[in-house]
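Down below is the structure, laid out as structure tokens.
All of these numbers come straight from a predicted model, not from anything done at the bench. When a residue number appears, it is its place in the shown sequence, counting from 1.
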Amino acid sequence: MSKSDTLNIKSLKDYQGVITYFCPACWSVIKEEDKICPNCGFDLTEFHNMDYEYKLLLSLEHPVKEWRKNVVHVIGIKRLEEAIPYLDIMIDKEQDPFILIEIVDTLVKISTPSVIPLLKKLSEHKYAIVRNKARTTLEKISKILLS
């Protein structure tokens, strides 16, 4: 491989200033150095002392949909049963079918009887892709939980 064929990999320094910071309470854009949210007054230093799981639950309200989808995925990996009431609220508000499908997958990973009402709700969703995924999943999980 000649020198001209090598990849041009940029350092992290090249990307400074591209990161957008959000207040975890009101989701307003903030500066990295802010200690208090200028919009809602939330103590941002308090956020850094919170448990990781609680930060995940707060992030379910993130304005960037890809971030919400990733958070739902991580909740599934961690099998975070405490997230079920928050996911229930999210089901009512979320408009992105791919995030709703991720919620279905997460509910399967949690796999407790408390996920069944949420899967039933999703099995009646307005999006056919969500309905079908939830119905198929509900059948499978019902067999597992009832055996």
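- Using a 4.5 Å heavy-atom threshold, the side chains of Arg135 and Ser123 count as touching.
- Taking all atoms of both residues into account, the shortest heavy-atom contact from Ser142 to Ile116 is OG-CD1, 4.4 Å.
- Note that CG of Leu122 is 10.0 Å distant from CD1 of Ile101, once rounded to the nearest 0.5 Å.
- The salt bridge (charged side-chain N to carboxylate O under 4.0 Å, His left out) contacts involving residues 99-121 comprise Lys69-Glu102, Asp88-Lys121, Asp92-Lys121, Asp105-Lys133, where partners must be two or more places apart or lie in separate chains.
- Applying the side chain to side chain donor-acceptor pair (under 3.5 Å) test to residues at least two apart or on different chains, the pairs with a partner in residues 33-42 are Ser28-Asn39.
- The side chain to side chain contact (heavy atoms under 4.5 Å, CB included) test applied to Val64 returns Phe22, His62, Glu66, Trp67, not counting sequence neighbours.
- The side-chain heavy atoms of Ile110 and Leu80, taken from C-beta on, include no pair separated by under 4.5 Å.
- Annotation: side chain of Ile103 is in contact with side chain of Met90 (closest heavy-atom distance under 4.5 Å).
- In terms of the ring pair (Phe, Tyr, Trp, His ring centres under 6.0 Å) criterion, His73 has no residue partners (sequence neighbours excluded).
- Atom CD1 in Ile75 sits 11.0 Å away from atom CG in Asn70 (nearest 0.5 Å).
- Side-chain heavy atoms closer than 4.5 Å link hydrophobic residues (I, L, V, M, F, W, Y) into clusters, and following such links, even through other members, never connects Tyr54 to Ile89.
- Applying the 6.0 Å contact sphere to CD1 of Ile36 captures more than 12 heavy atoms from other residues, nucleotides or ligands.
- Applying the salt bridge (charged side-chain N to carboxylate O under 4.0 Å, His left out) rule to Asp43 yields no partners; only residues at least two apart in sequence or on another chain are considered.
- The minimum heavy-atom distance linking Val130 with Pro97 is given by the pair CG2-O, 3.8 Å.
- Under a hydrophobic-cluster definition in which Ile, Leu, Val, Met, Phe, Trp and Tyr are linked whenever side-chain heavy atoms come within less than 4.5 Å, directly or via other members, Ile77 and Leu57 are assigned to different clusters.
- Listed by first and then second residue, the ring-ring contact (aromatic ring centres under 6.0 Å, His included) pairs involving residues 109-130 are His125-Tyr127 (not counting sequence neighbours).
- Under the side-chain contact (heavy atoms from CB on, under 4.5 Å) test applied with Thr137, the options Leu119, Leu107, Val115 reduce to a single match, Leu119.
- Contacts classified as salt bridge (charged side-chain N to carboxylate O under 4.0 Å, His left out) and involving residues 71-86 (residues at least two apart or in different chains) are given here: Glu53-Lys78.
- For residues 78-114, no pair satisfies ring-ring contact (aromatic ring centres under 6.0 Å, His included), with sequence neighbours left out.
- The CZ atom of Arg131 sits 12.0 Å away from the CG atom of Leu100 when rounded to the nearest 0.5 Å.
- With sequence neighbours excluded, the residues that form a side chain to side chain contact (heavy atoms under 4.5 Å, CB included) with Lys65 are Arg68, Asp96, Ile99.
- When hydrophobic clusters are built by joining Ile, Leu, Val, Met, Phe, Trp and Tyr residues whose side-chain heavy atoms come closer than 4.5 Å, directly or via intermediates, Val108 is not grouped with Ile84.
- In this structure, Pro24 and Ser59 have side chains that are not in contact, with every pair of non-hydrogen atoms separated by 4.5 Å or more.
- When the side chains of ILVMFWY residues are joined at heavy-atom separations under 4.5 Å, either directly or via intervening members, Trp27 and Val71 end up in a single hydrophobic cluster.
- Under the salt bridge (charged side-chain N to carboxylate O under 4.0 Å, His left out) criterion, the residue pairs touching residues 54-63 are Glu61-Lys93, with sequence neighbours excluded.
- In this structure, Leu118 CG and Ile91 CD1 are separated by 4.0 Å, a value rounded to the nearest 0.5 Å.
- Residues passing the side chain to side chain donor-acceptor pair (under 3.5 Å) test with Gln95 are Lys126, sequence neighbours excluded.
- Partners of Thr112 under the side chain to side chain donor-acceptor pair (under 3.5 Å) rule, at least two apart in sequence or in another chain, are Ser114.
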